[in-house]
Amino acid sequence: MATLPNPPSTPPAHPAPQRQRESGFPSSTTTASSLRALFLRAVDPSRPASWSAAVADLLSSGDAVAALATFAAAVRANPAALRPALPPALRAAAAATSLAAGRQLHLLALRSGLFPSDPYSASALLHMYHHCSRPMDARRAFDEIPDPNPVIITAMASGYVRNNLVYHSLDLFRAMIASDSASVVDEAAALVAFSASARVPDRGVTASLHALIAKIGFERNAGVVNTMLDSYAKGGSRDLEAARKVFDTMERDVVSWNSMIALYAQNGMSAEAIGLYSKMINVGGGIKCNAVALSAVLLACAHAGSIQTGKRIHNQVVRMGLEENVYVGTSVVDMYSKCGRVEMASKAFRKIKEKNILSWSAMITGYGMHGRGQEALEIFTEMKRSGLRPNYITFISVLAACSHAGLLDEGRYWYNAMKQEFGIEAGVEHYGCMVDLLGRAGCLDEAYSLIKEMKAKSDAAIWGALLSACRIHKNVELAEISVKRLFELDASNSGYYVLLSNIYAEAGMWKDVERIRLLVKTRRIEKPPGYSSVELKGKTYLFYVGDKSHPQHMEIYSYLEKLLERMQEAGYVPNTGSILHDLDEEEKESALRIHSEKLAVAFALMNSVPGSVIHIIKNLRICSDCHTAMKFITKITEREIIIRDLQRFHHFKEGLCSCQDYW
DNA sequence: CTAGGGTTAG
């Protein structure tokens with residue numbers, strides 16, 4: 001149902017009379033607005049270029065529908081306008097994702113002979129089909145083009161990436177390199193190739209593309225290298241040195257800085273990310289920080305638990321008036337949640353103007369991580385009321401919140417509702433949450449049946465959740481089953497050996513404890529270095545087990561000794577059951593005394609403002625002895641201690657910890 | 001003269 005506009009020389013006082021057309025073109029109201037635009041621009045109907053400029057202008061001003069209407073008017077007024085106006089019209093159809101309009105334009109291009117001979121129309125046509133999620137239609141058209149030029153091939157390649165056909169895209173790029181001299185690989189082509197390589201698991205792709213563009217001489221080109229940095233970031237590559245080297249020598253723009261900061265942030269190198277952010281602001285050579293930079297650096301603060309730095313960045317967000325921005329706002333929510341300030345997170349959340357599904361998810365997750373399940377579910381209810389439909393990710397947040405808060409009935413309810421009411425198939429993440437929830441609640445058999453019935457392939461997280469539950473509820477039989485599966489998936493993770501040994505020890509099965517201990521020895525299982533970090537006056541301090549690298553370490557150890565004495569007077573008994581190594585009891589106790597959590601807490605007690613919250617980040621799970629120790633330290637010092645580990649927040653304040661493992 | 005281009009969030 002569409003109309004063609006009247007010729008612009010006779011402006012209608014009333015809406016233009018309706019005229020039937022095949023389909024796909026816009027309605028009369030838009031026609032009126034497009035006419036207005038034409039008058040503002042003073043189009044000369046006799047000049048085809050004038051028409052095409054009008055179409056392009058309307059498109060770039062964001063009114064794709066008006067651009068299409070104007071195209072229709074142009075062709076009617078002057079058939080010669082078809083050739084120059086067709087490419088921007090196709091782009092307008094792409095922007096409006098109007099397949100009907102696009103197909104009509106395709107037909108027009110065929111009838112007028114512009115397709116496949118005119119490369120400008122051809123590339124725009126492929127672009128249109130890809131934007132309308134019709135990659136195979138694009139493919140059919142592409143195959144009809146006798147000798148596609150690099151622009152056309154790049155249009156095809158980027159469309160494949162857009163439609164998740166990454167390997168098709170890389171194939172085109174490979175053919176491009178092989179067929180001709182490498183000179184056809186221009187900036188846009190290289191860019192698309194990197195955006196494709198960012199989406200494949202094989203990291204070798206990025207590295208080999210890197211070598212190629214170095215050969216062509218694009219290594220300083222901001223556009224190309226920025227995409228490459230992203231590609232390195234997505235792959236979780238450990239080889240950040242190579243990326244940093246390029247960054248240091250290239251001609252950097254805002255995006256380069258943002259990409260490099262994000263690269264560090266996404267790979268857990270928070271200090272580097274924050275450092276680079278400061279460098280950008282201070283010596284970036286006139287580079288202005290923007291919303292993307294703020295989001296990236298907030299992620300780094302969240303990861304490192306750097307609340308002071310995070311607050312500073314938040315101030316910057318407020319100064320720049322970006323509190324309402326949905327991306328930045330969501331990052332602020334995430335940062336405050338992960339830094340243990342869920343009230344601040346909630347305040348920031350309320351400031352976001354147009355909350356999207358991820359904003360809501362972040363807030364649900366925030367409450368969930370802190371064991372505040374009811375509030376998480378209230379946010380979830382509010383989200384649904386606002387008209388947003390929960391998706392796969394939302395239900396991960398909801399079920400995780402239920403599991404962290406031990407809300408068994410609610411968790412069961414929403415798990416079923418997810419499938420029945422919302423038609424979402426449960427994935428490994430959902431199963432992981434449910435196994436954790438059921439397992440902690442003691443419904444071990446139900447958890448086990450759930451794993452057996454799941455369609456998706458079970459992963460280590462799921463069996464690991466079941467194993468932890470077996471520890472809490474002392475189920476040796478199921479623990480052995482879980483460990484068998486875990487060893488098939490990843491036999492090198494020391495955590496499983498420790499848990500199983502704990503379970504045997506608590507059941508008094510000392511022969512089996514011995515067997516596991518031997519296994520650890522013969523398999524040469526190494527515990528990855530655990531660390532605890534704490535932020536003081538904006539600086540982050542990292543402690544490993546028995547760490548002596550800190551200049552104050554002598555004071556820290558003697559402070560800790562005194563603290564331990566007072567703790568033992570208060571009734572603390574070291575829990576040596578979780579130590580696997582072959583040590584006597586006394587050696588075990590001294591091994592426990594120097595756990596990184598204890599060093600970090602001693603350091604924080606010595607140096608922080610009295611009364612302030614001590615917030616520690618642990619890269620592995622907190623051990624049961626440290627958990628017990630923190631309860632006593634809280635009692636003695638009357639300081640609030642929060643430890644965030646891989647799994648959840650541990651709040652040490654009068655039985656507040658919701659982890660259920662150790663209380 | 002016109003066409004193909006990327007970074008942030010669980």
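Worth knowing before you read on, the calculation uses all heavy atoms, side chains too, and leaves out hydrogens, waters and symmetry mates.
Taking atom NE2 of A/His130 as the reference point, atom C1' of B/dA3 lies 14 Å away to the nearest angstrom. Rounded to a whole Å, the CG atom of A/Leu191 is 18 Å from the P atom of B/dA3. The nearest whole Å value for the distance from the CE atom in A/Met335 to the P atom in B/dT8 is 19 Å. The distance between atom NZ of A/Lys288 and atom P of B/dT7, rounded to the nearest whole Å, is 24 Å. Rounded to an integer number of Å, the gap from CG of A/Leu229 to C1' of B/dT8 is 15 Å. Computed from coordinates, the A/Phe115 CZ to B/dA3 P distance equals 18 Å when rounded to whole Å. In this structure, A/Tyr232 places its OH atom 17 Å from C1' of B/dG6, rounding to the nearest Å. One interatomic measurement links the two molecules: OH of A/Tyr264 to P of B/dT7, which rounds to 20 Å at whole-angstrom precision.
No option in A/Ser158, A/Ser169, A/Pro135 other than A/Pro135 meets the side-chain contact (heavy atoms from CB on, under 4.5 Å) test with A/Asn163. When each of A/Phe349, A/Phe380, A/Tyr367 is tested with A/Trp360 by the rule ring-ring contact (aromatic ring centres under 6.0 Å, His included), just one qualifies, namely A/Phe349.
Counting non-hydrogen atoms of neighbouring residues, nucleotides and ligands closer than 6.0 angstrom, the NZ atom of A/Lys288 reaches no more than 12 such neighbours.
Here A/Asp143 does not pair with A/Arg140 in a salt bridge; the nearest charged N to carboxylate O distance is not below 4.0 Å. Residues A/Lys245 and A/Glu219 are not paired through a salt bridge, judged by the lack of any N-O separation under 4.0 Å between the basic side chain and the carboxylate.
Using a 4.0 Å heavy-atom cutoff across all strands shown, A/Asn258 reaches at least one base atom of the nucleic acid. Among the heavy atoms of the strands lying under 4.0 Å from A/Asn356 is at least one base atom, whether or not backbone atoms are also near. Residue contacts shown for A/Pro119 include a base, since a base heavy atom lies under 4.0 Å away. Residue-level contact check: A/Leu299 touches the backbone only, with heavy atoms under 4.0 Å from sugar-phosphate atoms and none from bases. A/Ser158 comes within contact range of the sugar-phosphate backbone alone, with a heavy-atom separation under 4.0 Å but no base atom that close. Within 4.0 Å (heavy atoms only), A/Thr330 reaches no atom of the nucleic acid at all.
For A/Ser295, the listed nucleotide lying nearest its side chain is B/dT8; candidates were B/dA9, B/dT8, B/dT2. Side-chain atoms of A/Val255 lie closest to B/dT7 of the nucleotides B/dG5, B/dA3, B/dT7. The listed nucleotides are B/dG5, B/dT8, B/dG6; the one nearest the side chain of A/Val292 is B/dT8. Closest to the A/Ser195 side chain, of the nucleotides B/dT8, B/dG6, B/dA3, is B/dG6. Of the listed nucleotides (B/dA9, B/dG4, B/dG6), B/dG4 has the atom at the smallest distance from the side chain of A/His127. In the set B/dA3, B/dT7, B/dG4, the nucleotide with an atom closest to the side chain of A/Ser259 is B/dT7. Among the nucleotides B/dG5, B/dG4, B/dT8, the one closest to the side chain of A/Ala189 is B/dG4. If you check B/dT2, B/dG4, B/dT7 against the side chain of A/Asp186, the one that comes closest is B/dG4. Checked against B/dT7, B/dT2, B/dG4, the side chain of A/Ala188 finds its nearest nucleotide in B/dG4. When the nucleotides B/dT7, B/dT2, B/dA9 are ranked by their closest atom to the side chain of A/Leu358, B/dA9 comes out on top.
With contacts defined as side-chain heavy-atom distances shorter than 4.5 Å, the pair A/Phe422/A/Asn391 does not qualify. Counting heavy atoms from C-beta outward, A/Met335 and A/Ile313 have side chains that stay 4.5 Å or more apart.
The aromatic ring of A/Tyr327 does not sit over the base of B/dT8; the criterion of centres under 5.5 Å apart with planes under 30° is not met.
Side-chain atoms of A/Thr227 stay outside donor-acceptor range of the base of B/dG6, with no qualifying N/O pair under 3.5 Å.
Within the structure, a side-chain polar atom (N or O) of A/Arg91 is placed less than 4.0 Å from OP1 or OP2 of B/dA3. For the pair A/Gln266 and B/dT8, the criterion of a side-chain N or O lying under 4.0 Å from OP1 or OP2 is met.
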